[in-house]
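Notes for the one structure printed next.
This structure is a prediction, so every number in the text was calculated from the model and none was measured.
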Amino acid sequence: MSEVRIRPRQVLILIIVFLVVLMMVHRNGKRTCQGPEYLQAMFVQGDTLPTIYAVTPTYPRPAQKAELTRLSHLFMLLPHLHWIIVEDTNATTPLVRNLLDRAGLEKRSTLLNIKTPSEFKLKGKDPNWIKPRGVEQRNLALAWLRNHVDVDRHSIVFFMDDDNSYSTELFAEMSKIERGRVGVWPVGLVGGLMVERPLLTEDGTKVNGFNAAWRPERPFPIDMAAFAISMDLFIRNPQATFSYEVQRGYQESEILRHLTTRDQLQPLANRCTDVLVWHTRTEKTKLAAEEALLKKGQRSDGGMEV
């Protein structure tokens, strides 16, 4: 076996590289990161930020792992997020458990499951808007939160669907939500518009309307991705839950009517002028070739998790 010699110059280079990495990770004794100022600020503030509980209903489908993987990258970047995933299944699945494990999020996530009653499940070619979705799952998450969250510490609840696109900056804005308030902001590509947004008073401090084109008469004509809620409001209002007994498009109004009024909403995202979340649904996966293989007793993903 040949002897490997390390020259003093190589040792010096290794020490310099180590010191540079150390300086990037620790600045003035605090954890930091490379990136935009708002992201660096969140790392510096660390444990002083309110925990954001992001609730994601999910169900088995070909694109499920891809969409949850995309969301998991946000949680890797933002240490004050806690992910509550609620599966529409009779038991939690290895696919979701493995995803959380590989992302290193076991300690910053909660995995729950509850099956949607068959009468409320979409069937065949039903359009996705014909029946309320995620009702059981969001309500189970709220029950878990009411039983497990430290009521003395400020925290925030956000209903985070797995097929939307989120900027990390949205969670910096969300961290500004005050106790007893519901924060609101614009959502892109929703309701038949490029953007749905709250309309503010001249001084930019209060919401006095919305620009919604679809069912603007709703009490809160906004998307589920357009708001987050201070957890203390859920503690003070145990009756606040989602319901199957509401008209199409009224789930947001159903939960918010128990918690706040329009004039109490807290405008965020640069006075509701910045779009930091987009309602980007994934189209149904086309698997005609895979179905042909299955008819032959074969499959492309044998022994693999896709």
Which value, rounded to the nearest 0.5 Å, describes the distance between [X] atom [atom1] and [Y] atom [atom2]?
X    : Y    : atom1 : atom2 : result
F159 : R138 : CZ    : CZ    : 7.5 Å
E67  : T282 : CD    : OG1   : 3.5 Å
F227 : I255 : CZ    : CD1   : 7.5 Å
L71  : Y166 : CG    : OH    : 6.5 Å
I156 : H82  : CD1   : NE2   : 14.5 Å

* **Lys/Arg N to Asp/Glu carboxylate O, D232 vs R236, below 4.0 Å** => yes
* **Among R70, K65, R61, the one residue meeting salt bridge (charged side-chain N to carboxylate O under 4.0 Å, His left out) with D162** => R61
* **Ring centroid separation F234 to Y53 under 6.0 Å** => no
* Asked: Going through the distances and angles, do E196 and N211 end up as a side-chain contact (heavy atoms from CB on, under 4.5 Å)?
  -> CA-CA 6 Å; E196 275 188 352; N211 75 327; 4.1 Å; yes
Ignoring hydrogens and angles, state whether a donor on the side chain of [X] or [Y] is under 3.5 Å from an acceptor on the partner side chain.
X    : Y    : result
S230 : E178 : no
T116 : D88  : yes
R215 : Q247 : yes
T48  : Q45  : no
E254 : Y244 : no

* Structure fact -> side chain to side chain contact (heavy atoms under 4.5 Å, CB included) test vs R281 passes for just one of D163, L189, D161, namely D163
* Under a single-linkage definition using a 4.5 Å side-chain heavy-atom cutoff for Ile, Leu, Val, Met, Phe, Trp and Tyr, are I229 and I84 assigned to the same hydrophobic cluster? -> yes
* Ring geometry between F75 and W83 (parallel below 30°, tilted from 30 to 60°, perpendicular above 60°) -> parallel
* Donor-acceptor contact below 3.5 Å, side chain R262 vs main chain K206 -> no
* With respect to E87, which candidate in T92, T58, T93 satisfies the side-chain hydrogen bond (donor to acceptor under 3.5 Å, both in side chains) definition? -> T93
